[in-house]
Protein chains: 2
Amino acid sequence: MAIRQGLLALLDEGPAYGYQLKAAFEERTGGTWPLNIGQVYTTLARAERDGLVAQLETDDDGRVVYEITAAGRTEVAQWFQEPVRRETAPRDELAIKLAVAVTAPDVDVTAIVQTQRGETMRTLQQLTRLKRDADEDADLAWLLVLDRLIFDAEAEARWLDHCESRLARKAGEKAVRRPASGRSPRAAQGSAR
Amino acid sequence: MAIRQGLLALLDEGPAYGYQLKAAFEERTGGTWPLNIGQVYTTLARAERDGLVAQLETDDDGRVVYEITAAGRTEVAQWFQEPVRRETAPRDELAIKLAVAVTAPDVDVTAIVQTQRGETMRTLQQLTRLKRDADEDADLAWLLVLDRLIFDAEAEARWLDHCESRLARKAGEKAVRRPASGRSPRAAQGSAR
DNA sequence: ACAGCCATGTAACTTGTTACATGATTTT
DNA sequence: AAAATCATGTAACAAGTTACATGGCTGT
């Protein structure tokens, strides 16, 4: 619902047409989440179907201007009033992956963790660079989004470390096997019952 | 794709029927993400359509047992090999909300932040309690998922603090207005061009 | 004239999700 | 016998997403 609500909130600031909404949305997220223009229209069409927005007369240049309705305002107000709940959040793919991997036989979980950490660190560096470059001029909204991504990536990295140490401890309990195993990060070669 | 891949990975450990998959999935995530049984079947049907799984003969009790195919194994192996990429991750609703709110006029962003922190802290406590209770017997997968949720919630809380201080700084720059404003957390009353 | 952007829209598809229908088996 | 649980499935929808069609306008 994030996009729908976001566009709705933008319309709450005043009528606008499709391209303006796309631009406004991307400006605030600093292009972190580029929005396919088609999606703006499908989202608007669905919002109109649900009575949250309405088409105004086309403007002087023939552009289709949308306006928020009373029902739409109510929904925006609610969106701002109510916190985002954990239950609403989508299932986390990485967590599912590790949860399944850790229980499965013949899957090198450590390799998964390490690969993922590589990716996470790369992302983190990229974000940090972006922040350094943007810090001067960028507007508050974009900076906050950026920090959000950074905080998230850091949490992910920390969690991966945590997983690794837990895995190491578990492996330790299993005592000594494979005396001098060269690292073999090949994971998931299937199996049978 | 998380559920689909998860079920596929479970099938990679051996054939199973719908209810078994639901149980296996929920066992690993400790019931954090309960799975509607109907979804198991729709997911399986779609995976079958895509040639990733196949129905075996029904077992002795007439249950429909699914088996992973070669193509399915390839996909699971890939899933484990490749890291979860940031670009794949869904847009974060909270970030969008604050990004829009912070730029909009007549929206009390501080109120939003505080409400959200309340929710986040409540979640965090709940998770911590779960962890304390579970720590004895629970299996590794469930503990890791739990920690993931905790790390995430902590990052969110930290980010909210960060947002608040940024907002305070910005408000400071605007200098003194509204000498003794009673807090008016009414948000988003619309506007016109 | 042609390339390229602005602008609107639509058709088609994916994943996730739930509500419901239908039986069989088990428990009370 | 009734209630609960196991088990399979389907219909229908939401939200996100993209590829494509279409036309106007602008600069070269």
Side-chain angles (χ1 to χ4, degrees), chain A residues 1-8 11 15-26 29 32-66 75 79 84-85 87-93 95-97, chain B residues 1-8 15-26 29 32-66 75 79 84-85 87-93 96-97:
Chain A
M1 297 282 299
I3 288 176
R4 182 173 174 184
Q5 308 283 48
L7 293 186
L8 213 51
L11 277 178
Y17 59 91
Y19 257 69
Q20 279 182 326
L21 289 174
K22 173 189 156 81
F25 187 93
E26 289 182 346
T29 60
T32 304
W33 293 306
L35 201 51
N36 183 305
I37 179 63
Q39 191 161 0
V40 176
Y41 294 110
T42 49
T43 305
L44 283 174
R46 287 163 188 176
E48 189 178 19
R49 175 199 61 191
D50 299 339
L52 305 175
V53 303
Q55 288 191 20
L56 284 181
E57 299 292 307
T58 59
D59 72 0
D60 299 346
D61 298 328
R63 286 175 292 210
V64 182
V65 177
Y66 277 89
E75 193 156 311
W79 190 50
V84 174
R85 305 207 185 271
E87 303 87 46
T88 314
R91 294 171 157 86
D92 179 60
E93 183 174 347
I96 290 178
K97 191 196 270 197
Chain B
M1 296 281 300
I3 289 177
R4 182 174 174 185
Q5 309 283 47
L7 293 186
L8 213 51
Y17 58 91
Y19 257 71
Q20 279 181 327
L21 289 174
K22 173 189 154 82
F25 186 93
E26 289 182 346
T29 59
T32 305
W33 295 306
L35 201 51
N36 183 305
I37 179 65
Q39 191 162 359
V40 176
Y41 294 110
T42 50
T43 305
L44 283 174
R46 288 163 187 175
E48 190 178 19
R49 175 200 60 188
D50 299 338
L52 305 174
V53 303
Q55 287 191 20
L56 285 182
E57 299 291 306
T58 57
D59 71 1
D60 299 347
D61 299 328
R63 288 176 290 210
V64 182
V65 176
Y66 278 89
E75 192 156 311
W79 190 50
V84 174
R85 304 206 186 269
E87 303 86 46
T88 314
R91 295 171 156 88
D92 180 58
E93 182 173 347
I96 290 178
K97 191 196 270 197

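Chain letters run A, B, ... following the sequence lines, proteins first, then strands; residues in each count from 1. Because only heavy atoms are used, hydrogens play no part in the values below, and waters and symmetry mates are left out as well, while side chains stay in. Everything numeric in this text was worked out from a predicted model, so none of it was measured.
- Here the nucleotide nearest the side chain of B:Thr42, chosen from C:dT18, C:dA7, C:dG16, is C:dT18.
- One can place CD of A:Glu48 at 18 Å from C1' of D:dA14, the figure rounded to the nearest angstrom.
- The side chain of B:Gln55 sits closest to D:dG9 out of D:dT8, D:dG9, C:dT18.
- Residue B:Leu8 contributes atom CG, which lies 14 Å from atom C1' of C:dT15 at whole-angstrom precision.
- Side-chain to base pairing of A:Arg63 with D:dG24: no donor and acceptor N or O lie closer than 3.5 Å to each other.
- Rounded to whole Å, the distance from CD1 on A:Ile3 to P on D:dT17 is 5 Å.
- Between A:Tyr17 and A:Thr58, every side-chain heavy-atom pair lies at or beyond the 4.5 Å cut-off.
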All N/O donor-acceptor pairs, side-chain side in residues 37-49 of chain A, below 3.5 Å, sequence neighbours left out:
from    : atom 1 : to      : atom 2 : distance (Å)
A:Thr42 : OG1    : A:Gly38 : O      : 3.3
A:Thr42 : OG1    : A:Gln39 : O      : 2.9
A:Thr43 : OG1    : A:Gln39 : O      : 2.6

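- We find that A:Lys97 and A:Glu93 are not joined by a salt bridge, their nearest charged nitrogen and carboxylate oxygen being 4.0 Å or further apart.
- Side-chain nitrogen and oxygen atoms of B:Tyr41 include none within less than 4.0 Å of the OP1 or OP2 phosphate oxygen of D:dA7.
- Whole-Å rounding puts the A:Leu44 CG to C:dT10 C1' distance at 14 Å.
- The interatomic distance linking A:Gln39 (CD) with C:dA12 (C1') rounds to 14 Å, in whole Å.
- Taking 4.0 angstrom as the limit, A:Arg46 places none of its side-chain polar atoms (N or O) nearer than this to OP1 or OP2 of D:dG16.
- Nearest-nucleotide positions on DNA chain D for B:Gly38 and A:Pro34 put B:Gly38 closer to the 5' end.
- With C:dT8, C:dT15, D:dT8 as the choices, the nucleotide that has an atom nearest any side-chain atom of B:Tyr19 turns out to be D:dT8.
- Nucleotide D:dC25 holds its P atom 9 Å from the CG atom of A:Asp61, rounded to whole Å.
- Checking D:dT18, D:dG16, C:dT15 against every side-chain atom of B:Met1, the shortest atom distance belongs to C:dT15.
- Atom CG of B:Asp50 is separated from atom P of C:dC13 by 13 Å (rounded to the nearest Å).
- Between B:Ala2 and A:Ile96, the closest heavy-atom pair is CB-CD1, 3.7 Å.
- OP1 and OP2 of D:dA14 both lie 4.0 Å or more from every side-chain N or O belonging to A:Arg4.
- With rounding to whole Å, B:Tyr66 atom OH is found 9 Å from D:dT8 atom P.
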